Protein chains: 2
Amino acid sequence: MTVKYIDFSDEKPLYAQVVEAIKQKISDNYWTLGMMISSENELAKEFDVSVGTIKKALSVLVQEGILYRRQGRGTFVASPDFSKSFSRFFRYGQFKGEASEVPGSQFLSAEVIPAPTEIAAALQLVAGDDILFMKRVRTLQEIPFCVEEIYLPYSRFKGLENLDLGKKLLYPIYNQNFSTPIFWAEEFLQPDTATGEVADLLNIPMNSPVMCVERIAYTYEDIPVEWRRSMGRGDSFRYHIVIR
Amino acid sequence: MTVKYIDFSDEKPLYAQVVEAIKQKISDNYWTLGMMISSENELAKEFDVSVGTIKKALSVLVQEGILYRRQGRGTFVASPDFSKSFSRFFRYGQFKGEASEVPGSQFLSAEVIPAPTEIAAALQLVAGDDILFMKRVRTLQEIPFCVEEIYLPYSRFKGLENLDLGKKLLYPIYNQNFSTPIFWAEEFLQPDTATGEVADLLNIPMNSPVMCVERIAYTYEDIPVEWRRSMGRGDSFRYHIVIR
DNA sequence: AAGTGGTCTAGACCACCAT
DNA sequence: TGGTGGTCTAGACCACTTT
């Protein structure tokens with residue numbers, strides 16, 4: 001484990017160095033998801049800076065969603081929950097305030113292939129590197145609403161194809177089985193119409209509207225570790241976003 | 001103009017009260033878009049709190065995008081620029097790093113009608129209230145990429161229909177001519193296929209993919225003042241978003 | 001009672017900008 | 001040179017949680 005010290009002669013502000021150091025400790029699994037980290041006073045002693053500087057650094061990390069704090073309890077490593085934000089985008093069979101249901105998954109294939117150039121570029125690999133390619137249909141209340149293609153660097157996820165992925169979500173598996181917590185992601189949305197295969201899998205007429213969502217998921221260290229494309233039924237897809 | 005004072009016996013933190021007071025002054029047009037507000041020291045004297053508390057309040061307002069600060073210059077009221085974030089969603093004829101071009105507009109209609117129930121609800125009006133309804137085609141390099149329907153409460157925007165809206169953006173007009181700066185917005189995205197009319201206006205085949213974006217735009221005081229629906233060409237629409 | 005984070009103060013010093 | 005925001009300190013007091 002690499003330890004970062006605070007360099008008082010560095011031009012970079014002390015609180016920013018503390019931010020980096022704490023991120024490093026999380027990356028190194030010194031502190032893991034959900035764990036309480038050291039208190040303000042302990043951190044101040046450890047880094048030999050004032051409590052105020054620690055407060056500033058922690059507020060930055062809270063702002064970035066890496067930590068959360070509870071008065072009287074402590075400061076904890078946040079567990080980002082994509083399943084929530086994901087299912088929120090779909091209104092299929094959902095009524096106001098209804099508890100969101102975990103979608104089911106039916107895997108169609110899982111195989112190791114050489115990386116296509118587009119995928120290799122997005123995942124910062126060399127074209128031809130081993131890629132685990134999976135295809136699945138996602139369902140809510142037994143009704144298919146989404147077809148997904150998922151590409152993973154095989155060197156990191158060796159053996160994932162042998163696991164029983166029945167009703168489990170993928171991101172907790174990335175985290176628990178492969179020490180690869182997903183921390184953030186970017187998505188590209190584009191409207192499209194259903195091809196014969198997709199229409200068949202989603203049980204909708206050919207050429208009816210579908211939403212194409214391409215996502216690249218990243219670790220704490222901003223390493224891209226998953227590329228996926230989802231084709232969602234147009235009539236059940238409604239993406240909500242607040243600007244500023 | 002209503003003046004807010006700081007209540008030291010209030011349970012609400014002082015910095016939060018300062019945040020409210022500054023927001024109020026902006027709402028009251030005491031400080032307007034782009035204007036420099038009082039310095040930290042002046043604010044501390046004015047509100048009779050410490051500079052540290054002012055710093056905390058200002059950092060909240062910067063976080064919310066209401067203010068921006070420049071070392072050595074001062075603290076200013078931010079001018080949100082939706083045109084930038086808007087055009088970013090479309091890749092039509094855009095190459096990497098190319099300067100974004102302001103879309104042209106061709107108005108098809110502008111008339112005052114009684115508010116449809118759905119629009120009235122979204123704009124917090126009574127069904128039947130006067131609504132200014134406008135329809136336009138937006139173009140980039142003379143090529144249509146988007147059809148828009150815009151609904152505005154007529155009581156607030158009386159006379160807008162008589163302005164020459166040739167190549168101007170709407171939000172600066174809302175701000176300058178109607179004292180209604182748009183501060184934030186929410187959008188709902190859904191894929192669809194082009195009807196005959198939309199296909200005709202966009203010069204694409206019927207039933208080809210389009211992105212339907214419904215937007216509600218709000219003021220500083222969270223009053224909804226515009227409802228619009230944009231139908232964008234599927235092949236030129238690519239929405240990018242970062243999650244967390 | 002002890003420990004945590006949340007608020008608030010009063011100051012110091014610095015980097016940056018305008019004049 | 002004087003005013004601005006940015007960083008950092010050392011402390012006080014409070015609200016909340018756990019034991």
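These figures come from a predicted structure and were not determined experimentally. A, B, ... follow the sequence lines: proteins, then strands. Residue 1 opens every chain.
Scanning DNA chain C 5' to 3' for nucleotides with an atom closer than 4.0 angstrom to a non-hydrogen atom of chain B gives a first and last hit of C/dT7 to C/dA18.
Within residues 66-74 of chain B, the residues that have a heavy atom under 4.0 Å from DNA chain C are, in order of number, B/Gln71, B/Gly72, B/Arg73.
Every residue was checked against the ring-ring contact (aromatic ring centres under 6.0 Å, His included) condition with A/Tyr154, not counting sequence neighbours, and none meets it. Remark: A/Gln176 engages A/Pro172 in a side chain to side chain contact (heavy atoms under 4.5 Å, CB included) (not counting sequence neighbours). Remark: A/Ser27 engages no residue in a side-chain hydrogen bond (donor to acceptor under 3.5 Å, both in side chains) (not counting sequence neighbours). Scanning for side-chain hydrogen bond (donor to acceptor under 3.5 Å, both in side chains) contacts around B/Glu186 gives A/His240, B/Tyr218, with sequence neighbours left out. Shown here are the side chain to side chain contact (heavy atoms under 4.5 Å, CB included) partners of B/Lys12, two or more places apart in sequence or in another chain: B/Asp10, B/Ala16, B/Gln17, B/Glu20. Looking at residues two or more places apart in sequence or on another chain, you find a side chain to side chain contact (heavy atoms under 4.5 Å, CB included) between A/Asn177 and A/Leu163, A/Ile173.
Position along DNA chain D of the nearest nucleotide to B/Leu58 versus A/Ser50 favours B/Leu58 as the more 5'-ward residue.
Contact annotation for B/Val49: backbone-only contact, meaning every heavy-atom pair under 4.0 Å involves sugar-phosphate atoms and none involves a base.
Applying the salt bridge (charged side-chain N to carboxylate O under 4.0 Å, His left out) test to residues at least two apart or on different chains, the pairs with a partner in residues 69-78 of chain B are B/Glu40-B/Arg69.
In this structure, B/Leu165 and B/Lys168 have side chains that are not in contact, with every pair of non-hydrogen atoms separated by 4.5 Å or more.
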